Amino acid sequence: MEPEHHFDSFAQQRDSANLGMWLFLVTEVLFFGGLFTGYTVYRSRFPHAFAAGSHDLEIVLGTINTAVLICSSLTMALAVRSAQIGKKRLIQLFIVLTMILGLAFLGIKGYEYHHAWSEHHLPGAGYSFDGSTTSNLAHHTELFFWFYFGMTGLHAFHMVVGECVLLFVFIMAGRGKYTPENYNFVEGMGLYWHFVDIIWIFLFPLLYLIHRHG
Amino acid sequence: MSDHVVPVRIYVGIFFALIVLTVATALIAYVDLGVFNNVVAIGIAIVKASLVALFFMHLRYSARMNPLVFGAGLFWLCIFIALTLADILTRGWLGIPGK
């Protein structure tokens, strides 16, 4: 097997692929950065409403989901490691485990969304908070739930995209496409998956852990 | 060092550290630390994110260019948030007409 013709070596090809992936992740930082900044501005403006909204989220489910995602990051890291040492079946095993954990995360998230929806906490025409649609608290918590659904929704969308690419990696691993010389695609997939994990690591305290004491 | 194969025990160790920090941040949220609740919550998140980036994402072992590029992105994010807050926190908010 040869590297692509515009590279001198596999090492150079791999460094380029990695750098490209990190550049892509920087654009993702900018993408999510707008939401994080908007969140910070409105939380500083309406701290009590953000705390009230946060208290309506299930902290246990949020913590479990964080753990599920961390587990999936471990299996993803082990999938990349399996590719490094050229173990095709192990790549497939760890990719499947990562996919199952990712789906578990999305399932729990879906349950939480359904719960928020049935409590009338989906922003829009049907929104109410503590039975009121017109109070200041209702207006301001609606803003919190805009950020909640916007940020976790964008995050969940990234997970869905990740699941699709994981399926692709699973199939290609089965065809023996990844070798210890060239497993760049698996490694790039890993970087993406871990990055999505990092986004959640910040979303969890920002959305679930506001002023829980007292 | 770009082909560094990390021992499984390091991945597992980082994994347990991340789980412990997750449980810790959820529990500490129930202790009243005043303004430091936010500081601790974000601090733990930064530590967790750093562990993921350094070990799971191999930033510790990869070419120097990668942390430089990603660091530049994070630096931009800091400018974005700091200058936005410098504006927002030092000026009053106008009312919304008709509300």
Side-chain angles (χ1 to χ4, degrees), chain A residues 10-11 14-15 18-19 21-23 25-30 32-34 36-38 40-45 59-60 62-63 66-67 69-71 73-74 76-78 80-81 84-85 139 180-181 187 190-191 193-195 197-199 201-206 208-214, chain B residues 2-8 10-12 14-16 18-19 21-23 25-33 37-38 40-42 44-53 55-59 62-63 65-74 76-77 80-81 84-85 87-89 93 99:
Chain A
F10 278 116
R14 182 164 174 275
D15 283 350
N18 264 334
L19 182 59
M21 199 61 205
W22 279 102
L23 270 173
L25 294 183
V26 167
T27 70
E28 291 273 39
V29 169
L30 312 190
F32 279 96
F36 278 108
T37 308
T40 311
V41 167
Y42 283 101
R43 180 171 160 185
S44 72
R45 178 84 170 110
I59 189 170
V60 173
T63 310
T66 309
L69 214 49
I70 289 170
C71 289
S73 255
L74 175 67
M76 186 70 236
L78 292 174
V80 174
R81 190 180 184 280
Q84 280 181 313
I85 56 178
H139 287 310
E181 292 81 37
E187 191 167 43
L191 290 176
W193 194 261
H194 297 311
F195 178 80
D197 187 13
I198 286 180
I199 294 290
I201 283 173
F202 284 99
L203 288 182
F204 172 60
L206 290 179
Y208 288 80
L209 303 181
I210 305 174
H211 208 83
R212 282 281 175 178
H213 53 84
Chain B
S2 61
D3 268 316
H4 189 89
V5 178
V6 181
V8 173
I10 290 191
Y11 285 135
V12 174
I14 296 297
F15 165 77
F16 280 113
L18 289 169
I19 293 290
L21 286 169
T22 299
V23 174
T25 194
L27 293 179
I28 291 172
Y30 285 97
V31 183
D32 189 356
L33 303 172
N37 276 110
N38 294 328
V40 170
I42 298 301
I44 289 180
I46 290 173
V47 171
K48 285 166 69 186
S50 305
L51 289 176
V52 172
F55 293 95
F56 285 172
M57 298 171 87
H58 294 168
L59 218 45
S62 73
M65 196 65 163
N66 299 339
L68 186 69
V69 164
F70 197 59
L74 295 179
W76 177 89
L77 183 63
F80 185 20
I81 292 177
T84 304
L85 289 183
D87 207 24
I88 294 292
L89 297 179
W93 286 62
K99 284 267 179 181

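We use all heavy atoms of the structure for the numbers below, so side chains are in, but hydrogens, waters and symmetry mates are not. Because the structure is predicted, anything quoted here is derived from the model rather than measured. The chains referred to below are lettered A, B, ... by the order of the sequence lines, with proteins before strands, and numbering in each begins at 1.
Between chain B and the options A:Thr27, A:Leu30, A:Leu74, heavy-atom pairs under 4.5 Å are most frequent for A:Leu74. Chosen from A:Val41, A:Ile70, A:Ile59, A:Val26, the residue pairing most often with chain B at heavy-atom distances under 4.5 Å is A:Ile70. The candidate from B:Ile88, B:Asn66, B:Leu77 with the greatest count of non-hydrogen atom pairs under 4.5 Å with chain A is B:Asn66.
In terms of heavy-atom proximity, A:Leu19 sits nearest to B:Val69 at CD1-CG2, 3.6 Å. Here the closest heavy-atom approach between residue A:His213 and residue B:Asn37 is recorded as NE2-OD1, 2.9 Å. Here the shortest heavy-atom pairing between B:Lys48 and A:Ile201 reads CB-CG2, 3.8 Å. Between B:Tyr11 and A:Arg81 the shortest heavy-atom distance is CE1-CD, 3.8 Å. Of all the heavy atoms in B:Met57 and A:Ile198, the pair that sits closest is SD-CD1, 3.8 Å. Minimum heavy-atom separation, A:Ser44 to B:Leu89: OG-CD2, 3.9 Å.
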Requested in this report: Applying side chain to side chain contact (heavy atoms under 4.5 Å, CB included), run through A:His194 and B:Leu59 and close with a yes or a no.
Outcome: CA-CA 12 Å; A:His194 297 311; B:Leu59 218 45; over 6 Å; no

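Summarising the geometry, atom CZ belonging to A:Arg212 is positioned 14.5 Å from atom CG belonging to B:Asp32; distances are rounded to the nearest 0.5 Å.
With a 4.5 angstrom heavy-atom cutoff, A:Phe10 does not touch chain B via any of its atoms.
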